[in-house]
Protein chains: 2
Amino acid sequence: GMSATTANMYRMVSIAEAQETVLKAISPLPVMSIGLMDAMGYILGKNVIAREPLPPFPASIKDGYAVVSSDGIGDYDVAFEALAGTAAGHLKAGTVAYITTGAPLPHGADAVVQIENTEKLPPGPEGQQRVRIVKPAKGPRDDVRALGSDIAAGEVVLAAGSLIGAAEIGLLATVGRATVKVRRKALVAVLSTGDELVEPDQDALGPGQIRDANRFMLAAAARSAGCNVVDLGIARDDPAQVEAKFQEALSTGVEVLLTSGGVSVGDRDFIKPILERQGTVHFGKVRMKPGKPLTFATINATASRSSSGQLVVFGLPGNPVSSIVTFNLVVLPALRAMAGWPEPRLRRVHARTQTDIKLDPERPEYHRVSLHWHRTGESAGELAAASTGGQISSRLLSMRSANALLELPAAQGVLPAGSIVSALLIDDLGSMPVPEGIPMIVPAL
Amino acid sequence: GMSATTANMYRMVSIAEAQETVLKAISPLPVMSIGLMDAMGYILGKNVIAREPLPPFPASIKDGYAVVSSDGIGDYDVAFEALAGTAAGHLKAGTVAYITTGAPLPHGADAVVQIENTEKLPPGPEGQQRVRIVKPAKGPRDDVRALGSDIAAGEVVLAAGSLIGAAEIGLLATVGRATVKVRRKALVAVLSTGDELVEPDQDALGPGQIRDANRFMLAAAARSAGCNVVDLGIARDDPAQVEAKFQEALSTGVEVLLTSGGVSVGDRDFIKPILERQGTVHFGKVRMKPGKPLTFATINATASRSSSGQLVVFGLPGNPVSSIVTFNLVVLPALRAMAGWPEPRLRRVHARTQTDIKLDPERPEYHRVSLHWHRTGESAGELAAASTGGQISSRLLSMRSANALLELPAAQGVLPAGSIVSALLIDDLGSMPVPEGIPMIVPAL
Ligand SMILES: [Mg+2]
Ligand SMILES: [Mg+2]
């Protein structure tokens with residue numbers, strides 16, 4: 001039936017206030033140990049310090065001959081081979097040692113002459129290898145990496161708070177960290193609510209039915225952020241059923257619950273009353289388009305098995321665009337903050353609009369665009385923003401290929417094409433479109 | 001011993017030629033079916049067409065009352081409730097129906113009045129619900145999504161070649177695709193070669209030893225591209241052992257083999273001779289810094305179980321920076337092309353240098369930088385490039401936090417700070433540093 005709504009009790013907060021409220025309410029999750037190969041995408045929980053110098057010995061940079069640099073050009077006996085992975089030998093002045101890249105420089109040698117600057121000679125009278133140094137070493141240390149020149153012993157190679165990518169994995173391997181201390185990532189549960197929803201694999205739609213998209217989209221987005229996801233399925237528009245799902249989230253030990261639907265202004269909004277009973281609703285309405293019904297609550301879960309001791313709940317709107325836009329603007333920074341990102345907010349850039357855009361007089365709007373790089377004349381280049389078309393919040397096609405959200409002010413009228421606006425990155429520009437060839441710039445020297 | 005080298009047989013090719021050669025030698029992998037929730041990061045193999053319109057019925061955009069718009073303001077009996085997930089009822093003029101967001105508009109109704117524009121009245125004489133319409137619908141279709149207004153039946157919602165992200169997962173769910181046709185991704189094997197290498201978990205280093213970083217770094221980079229990785233371990237500097245690893249790669253059915261080490265100009269280079277015996281070496285030397293020894297070969301593997309019918313081999317240099325830079329410049333575009341990316345190459349942008357940079361007179365150099373957004377005055381903003389410091393190819397710290405490679409020309413002298421140069425993106429700018437606060441731009445209207 002038509003029970004009393006609580007939605008109107010909520011003050012409409014700004015998006016900035018909403019983001020701040022969320023980031024204040026959560027904390028980074030505990031640090032855990034993880035195998036090196038699984039550490040990608042995590043934030044390092046502790047400084048990593050090199051125990052040894054790298055290289056751990058003076059090492060050859062080239063394949064060639066270890067020499068006493070003052071010996072200069074001339075013909076030499078090859079006294080021995082200094083191979084990678086062996087102990088450094090002892091070289092006498094007046095002789096050279098064949099050496100491979102990365103091998104320890106023999107004691108007594110002070111430089112390397114690369115093989116291209118040498119000529120092999122016929123063996124000497126006693127069958128010994130001989131070589132001609134055609135171009136001498138430039139002096140001591142030529143083509144030699146000094147001990148500790150890449151990494152000093154005791155150096156912080158990666159600071160706590162670093163995001164671990166492929167290069168960082170390489171650094172961790174180099175300094176002998178087969179396991180790594182990283183911040184945990186939130187376990188996230190997704191729940192869709194609505195009597196109209198059916199699973200995507202349902203063949204034919206019954207009267208009034210549509211397929212659930214949000215649960216799959218939000219789960220994918222949370223996984224993109226590196227989170228594991230628990231699928232709580234679909235709850236009917238029935239307070240008891242929704243409440244049972246909340247209990248399931250609490251008992252599963254998830255740190256974050258994402259619901260979609262059931263938070264808009266009508267009578268049939270079950271999410272806010274349940275949240276009010278179980279915890280604290282920090283906001284229930286945000287001045288933004290799309291996404292106005294966005295709701296945020298925390299439940300202090302003594303009964304919860306979550307490692308943070310609380311369940312954070314985002315009541316996302318049911319319209320698919322609203323749910324993914326609010327995910328990006330509010331949930332993703334929260335997941336990043338829990339994962340230990342020092343700067344969890346979306347990255348802001350500026351972009352030039354390619355078409356006129358009608359503004360909303362009442363709410364700041366997050367207009368979905370596809371950014372690409374563009375350069376005219378001698379400029380440093382800029383980001384051009386192509387609108388994804390009709391922005392109604394039910395039209396998920398407006399999120400297709402979107403890699404940024406323009407931050408449009410609430411204002412009357414039309415923003416003319418060619419305007420510069422702020423934009424928040426929501427996808428990797430490493431896959432941005434390339435509608436124009438982007439030429440290399442060869443700087444004038 | 002010192003056997004004859006083959007490295008000098010190879011013409012030094014340009015990086016552009018190397019990239020073109022690689023992209024010509026490979027083809028997109030076959031299309032396969034995958035579950036919706038596992039489709040993130042894949043390229044769609046076939047157009048996806050909507051079978052039904054969305055919404056599949058005229059639907060309310062708001063919680064409120066379905067009305068005959070010409071009825072206007074006034075007090076009305078609430079004839080019934082039109083709830084989400086139910087069949088559309090029939091509304092008589094002069095009455096209204098309570099309606100929830102997403103519910104089918106009753107037959108006979110032509111608009112919705114949102115609940116904020118209504119007032120509940122006391123029940124009527126026969127106990128019927130009554131409501132006052134305070135602000136009327138603007139006309140037919142007000143707050144109603146027309147059938148098919150978000151997605152038309154027969155519309156291509158996602159084209160073959162689309163990269164699947166969270167929004168695309170949502171679209172696929174919406175149109176009922178619980179499984180999706182995507183391009184396979186390459187199975188990649190990694191192999192490190194060198195007598196000097198030990199595993200990262202080895203506690204103390206013996207004489208001449210260093211820890212293997214490349215295998216872990218390259219495996220992580222390949223996994224970032226969504227590939228599964230087979231770890232072939234470390235091969236000693238022994239042709240028989242290296243050749244056995246090649247056989248293992250062939251019999252495992254991998255499509256791509258990444259070796260590191262053993263390709264530089266000295267005598268101890270085992271990779272090229274093996275590749276020459278087993279297949280075609282397309283190039284063995286590239287005019288670039290770092291990465292000159294980069295080698296590329298294809299082995300037509302009738303014996304191979306790879307789905308592409310060939311094994312593609314990248315012989316990457318042993319220096320860790322060289323290996324990860326050449327991975328990004330040459331291997332990653334190849335993996336993307338195999339995965340079906342329409343534009344597999346790294347995205348080029350332009351950036352302004354923050355420090356003087358010494359150029360290399362002989363080879364174009366890929367200088368590692370950390371890009372961040374910067375704006376002065378009224379400009380559209382630009383990317384500022386902070387060098388990661390000393391660029392010697394053994395110094396993996398130069399890759400730490402690097403998100404782009406500057407494309408510096410081979411030239412004498414120094415590129416002054418403040419120059420605009422081309423840069424290739426190698427990491428997600430969504431995690432770029434924010435050394436300066438980036439203010440919102442509120443466009444003047
Ligand atoms: Mg609903
Ligand atoms: Mg080697």
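We name chains A, B, ... by the order of the sequence lines, and we start the count at 1 in each one.
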Could you look at B/Asp427 and say if it's the side chain, the backbone, both or neither that has a heavy atom under 4.5 Å from chain A?
backbone
So which atom in A/Ala380 and which in B/Arg352 form the shortest heavy-atom distance, rounded to 0.1 Å?
CB-NH2, 4.0 Å
What part of A/Val321 lies closer than 4.5 angstrom to a heavy atom of chain B: side chain, backbone, both or neither?
neither
What's the separation between atom CG in A/Leu163 and atom CE in B/Met432, rounded to the nearest 0.5 Å?
14.0 Å
If one checks every heavy atom of A/Ala88 against chain B at 4.5 Å, the contacting part turns out to be neither
Between B/Ser422 and A/Pro439 the two heavy atoms that sit nearest each other are OG-O, 3.9 Å
A/Ile164 versus chain B, the contacting section by heavy-atom distance below 4.5 Å:
neither
Under 4.5 Å to a heavy atom of chain A? For B/Val414 that would be backbone
Let me know if B/Ala103 has heavy atoms under 4.5 Å from chain A in its side chain, its backbone, both or neither.
neither
Most contacts with chain A, counted as non-hydrogen pairs under 4.5 angstrom, among B/Leu425, B/Ile426, B/Leu397, B/Ile210:
B/Leu397
Spacing of CE belonging to A/Met217 relative to CG belonging to B/Leu172, to within rounding of 0.5 Å:
11.5 Å
How close do A/Ser401 and B/Glu168 get, heavy atom to heavy atom, and via which atoms?
N-OE2, 2.9 Å
Is it the backbone or the side chain of A/Glu52 that comes under 4.5 Å from a heavy atom of chain B, or both, or neither?
side chain
Should A/Ile438 and B/His350 be marked as a side chain to side chain contact (heavy atoms under 4.5 Å, CB included) after you check the CA-CA gap, both sets of side-chain angles, and the distance that decides it?
CA-CA 9 Å; A/Ile438 303 292; B/His350 306 112; 3.6 Å; yes
What residue in A/Leu171, A/Leu429, A/Leu205, A/Leu218 has the most heavy-atom pairs under 4.5 Å with chain B?
A/Leu171
Residue selection (most heavy-atom pairs with chain A, distance under 4.5 Å) from B/Asp201, B/Ile169, B/Leu396:
B/Leu396
Just so I understand: if I count every heavy-atom pair under 4.5 Å between each of B/Ile61, B/Thr86, B/Asp212, B/Val421 and chain A, which residue has the most?
B/Thr86
Looking at every heavy atom in both A/Ala213 and B/Ala173, which two are closest together, and how far apart are they?
CA-CB, 3.8 Å
Cut-off 4.5 Å, heavy atoms of chain A, and the answer for B/Pro104 is side chain
Of the listed A/Arg145, A/Glu382, A/Arg345, A/Glu343, the one with the largest count of heavy-atom pairs under 4.5 Å with chain B is A/Arg145
In terms of heavy-atom pairs under 4.5 Å with chain A, which of B/Ile441, B/Leu36, B/Asp38, B/Asp231 leads?
B/Ile441
Side chains of B/Arg395 and A/Asp150: does their closest heavy-atom pair fall under 4.5 Å?
yes
Tell me, side chain or backbone of B/Phe57 under 4.5 Å from chain A's heavy atoms, or both, or neither?
side chain
Which atoms of B/Ile392 come close to chain A, meaning under 4.5 Å heavy atom to heavy atom: side chain ones, backbone ones, both, or neither?
side chain
Given side chains that start at C-beta, do those of A/Leu158 and B/Arg400 come closer than 4.5 Å, heavy atoms only?
yes
Of the non-hydrogen atoms in B/Gly430 and A/Arg336, which two are nearest, and what is the gap between them?
O-NH2, 3.7 Å
Residue B/Glu199 versus chain A: region with a heavy atom under 4.5 Å:
neither
If you round to the nearest 0.5 Å, how far is CG of B/Asp195 from CG of A/Leu83?
7.5 Å
Between B/Ser431, B/Pro433, B/Ser398, which residue shows the highest count of heavy-atom pairs closer than 4.5 Å to chain A?
B/Ser431
Heavy-atom pairs under 4.5 Å with chain A - which of B/Leu415, B/Val157, B/Ile151 has more of them than the others?
B/Val157
Heavy-atom closest contact (A/Met440 atom, B/Glu407 atom, distance):
CG-OE1, 3.3 Å
With sequence neighbours left out, what residues match A/Ser393 under side-chain hydrogen bond (donor to acceptor under 3.5 Å, both in side chains)?
A/Asn319
Which region of B/Arg348, side chain (C-beta onward) or backbone (N, CA, C, O), has a non-hydrogen atom less than 4.5 Å from a non-hydrogen atom of chain A, or is it both or neither?
both
What part of A/Pro409 gets within 4.5 angstrom of chain B, counting heavy atoms only: side chain, backbone, both, or neither?
side chain
Tell me, for B/Asn214 versus chain A, whether the close heavy atoms (under 4.5 Å) come from the side chain, the backbone, both or neither.
neither
Between B/Met40 and chain A, with a heavy-atom cut-off of 4.5 Å, which part of the residue counts as in contact: side chain, backbone, both or neither?
side chain
Which atoms of A/Gln202 approach chain B - backbone, side chain, both or neither, heavy atom under 4.5 Å
neither
Atom group of A/Arg215 that falls short of 4.5 Å from chain B, counting heavy atoms
neither
Heavy-atom distance under 4.5 Å to chain B: side chain of A/Val198, backbone, both or neither?
neither
Per-residue contact mode, B/Leu359 against chain A (heavy atom under 4.5 angstrom):
side chain
Measure B/Arg51 against the heavy atoms of chain A and call it side chain, backbone, both or neither at under 4.5 Å.
neither
